[in-house]
2 protein chains.
Amino acid sequence: MLSAKMEDYLKAIYRLQRDGDGPVTTSALADALDVTSPTASSMLDTLEERGFVEREKYQGTRLTRDGETVALEVIRHHRLLETYLTEQLGFDWTEVHDEADRLEHHISEEFERRVAAALDDPVVDPHGDPIPSETLEPLDGTPGITLAEQEPGDVVVVERVSDRDPEELSYLSKQGITPDQRVEVLDVAPIGMMTVRVDGDEVSLPDRVTEMIQVITVEEAEL
Amino acid sequence: MLSAKMEDYLKAIYRLQRDGDGPVTTSALADALDVTSPTASSMLDTLEERGFVEREKYQGTRLTRDGETVALEVIRHHRLLETYLTEQLGFDWTEVHDEADRLEHHISEEFERRVAAALDDPVVDPHGDPIPSETLEPLDGTPGITLAEQEPGDVVVVERVSDRDPEELSYLSKQGITPDQRVEVLDVAPIGMMTVRVDGDEVSLPDRVTEMIQVITVEEAEL
DNA sequence: CCTTGGCGTTAGTTGACCCTAATGCTGAGC
DNA sequence: GCTCAGCATTAGGGTCAACTAACGCCAAGG
């Protein structure tokens, strides 16, 4: 009734809507899914017909409530799978993304329930991303504070690490930057680079990366 | 590179080749996959081009070695998944077939290895069907002895129960007819019906069903 | 206010997988 | 050895999800 491709489109629209603000442009969506704009445009026609998105010509696309529910269902599958693969099958949490991306479209409700039960109904996945509830309530959309916004002297705890780029994810993991890790900001260079102390070691990170790390402040620097 | 559909065709050809003997007819394949003969015929053209099957016009189709290897890979995935779902996720072994049928096409080699390891490299699935090895050696093709061939007084142990029809499977499971179960043949009626004792209870089964149950003889009736 | 570059959409094509209708082969019985 | 039923194949067409090429909208700068 709803193809794997359509689910991918709805999931991508959901993410883009959260990240940027306002309606999602066709080209941004096409980029995210690695298809051409006409392809995305025509799929959006179909999704609109079926009531999953609303569009205004030349202005952009927004999910309807139904579309959001489908996206949340797929994201729930994805994050439960990532958690399961990591915790029960011994995968490294930096490599589960692709596997989950394929399987998320093919598991039954029964499978979802049993996996959730085996994990004791987790509320976050191994990256620190929240797992939508079984009832698919909308997730809190507030953006959260990133490491990029911190000043020297601030001490924070890592809450989430974005799972967009597996390369970066793996690198950060090797540097010890994982959910629940304590991080102290040492220096912020004017060239878009930050130096932090993690687990005794000093690590330098570019803005592109620190923006992907969501944190909770533990101590503010004294002014 | 090889679509889920193509894998389904190769798996079905493999089964039909094992069950019947000689090359597989287009209509038998079409029946098994619930498509029309022309659809099957044209897919067979494609599979022949790619070297997975050999055909002789109007005579039938046989798997090549490559085709057999693909079929065994898919069957390995299927049976590992059935075993895993049953043993680690608490599914009933009568209901895992459909889930495995979808997931078998979408798991990675890494996933396959980890599932096999988690199960301690099993050699049979919960139905008693053999699981192809990681190296995908051809399986022993000898048909095995079925419950249908037994005489009153024979005592056997159930080795495999075919997983074709989930309804029958569930019924048999409820009657206690599962792998490793001891079964005593009480009576064979001329109307294609057999009565057996299982776990103290008497159960009557039609030929259609007893032919699906493979057994190992424990005691022969005295003549 | 008009042009132009960038983005969005429309039109037309392709490949995978399905269908129905029409045609071709083959073997069993007369 | 011919006919005909039954199965296989060919022909033609539909849908889905992708593409390229062509065209339409719109806002920013001259």
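Only heavy atoms go into these numbers, but all of them, side chains included; no hydrogens, no water, no symmetry mates. Every chain is numbered from 1 and lettered A, B, ... according to where its sequence line falls, protein lines coming before strand lines.
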Check the distance between [N]'s [atom2] and [X]'s [atom1] and give it to me in whole angstrom.
X     : N      : atom1 : atom2 : answer
B/E7  : C/dA16 : CD    : P     : 15 Å
A/R50 : D/dA17 : CZ    : P     : 7 Å
B/D31 : D/dA8  : CG    : C1'   : 14 Å
B/L33 : C/dA16 : CG    : C1'   : 16 Å
B/D34 : C/dC17 : CG    : C1'   : 14 Å
B/L29 : C/dC18 : CG    : C1'   : 14 Å
A/L44 : C/dT10 : CG    : P     : 11 Å
A/D45 : C/dG8  : CG    : P     : 14 Å

Which of these nucleotides, [options], is closest to any side-chain atom of [X]?
X     : options                : answer
B/S41 : C/dC18, D/dT9, C/dG8   : D/dT9
A/M43 : C/dT9, C/dC17, D/dA18  : D/dA18
A/V35 : D/dA8, D/dC19, D/dT10  : D/dC19
B/M6  : D/dA21, C/dC19, C/dC17 : C/dC17
A/Y9  : D/dA18, C/dT26, C/dT9  : D/dA18
A/T36 : C/dT9, D/dC19, D/dT9   : D/dC19
B/P38 : D/dA18, C/dT9, D/dA11  : D/dA11
B/Y58 : C/dC17, C/dG8, C/dT26  : C/dT26

It should be established whether [X] places a side-chain nitrogen or oxygen under 4.0 Å from OP1 or OP2 of nucleotide [N].
X     : N      : result
B/K57 : D/dT10 : yes
A/T26 : C/dT9  : yes
B/R55 : D/dA8  : no
B/T39 : C/dC19 : yes
A/S27 : C/dG6  : no

Taking side chain as C-beta onward, heavy atoms only, is A/L172 less than 4.5 Å from A/T178?
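No. Closest side-chain heavy atoms not under 4.5 Å.
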Given that A/Q59 and B/A28 both sit by DNA chain D, which one's nearest nucleotide is further toward the 5' end?
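Going by which nucleotide is closer to the 5' end, it is B/A28.
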B/E167, CD: over 12 other non-hydrogen atoms inside 6.0 angstrom
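Incorrect, the count does not exceed 12.
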With the threshold set at 4.0 Å, does a side-chain nitrogen-carboxylate oxygen contact exist between A/E110 and A/R113?
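Yes, this pair counts.
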Any ion pair linking B/R50 and B/D66 (charged N to carboxylate O, less than 4.0 Å)?
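Here B/D66 does not pair with B/R50 in a salt bridge, since their nearest N and O are not under 4.0 Å apart.
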Which residue lies toward the 5' end of DNA chain C, B/S42 or A/G60, if each is placed at its nearest nucleotide?
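Mapping each residue to its closest nucleotide by heavy atoms, the 5'-most match is A/G60.
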Keeping the roles fixed (side chain from A/T86, backbone from A/E82), state whether a donor-acceptor pair exists under 3.5 Å.
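Side chain of A/T86 to backbone of A/E82: a pair is present.
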Any sub-3.5 Å donor-acceptor pair from B/R102's side-chain atoms to A/H106's backbone N or O?
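Judged by distance alone, yes, a pair lies under 3.5 Å.
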Identify whether any heavy atom of B/T46 sits under 4.0 Å from a base atom; if not, whether one sits that close to sugar-phosphate; answer base, sugar-phosphate or nothing.
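No contact.
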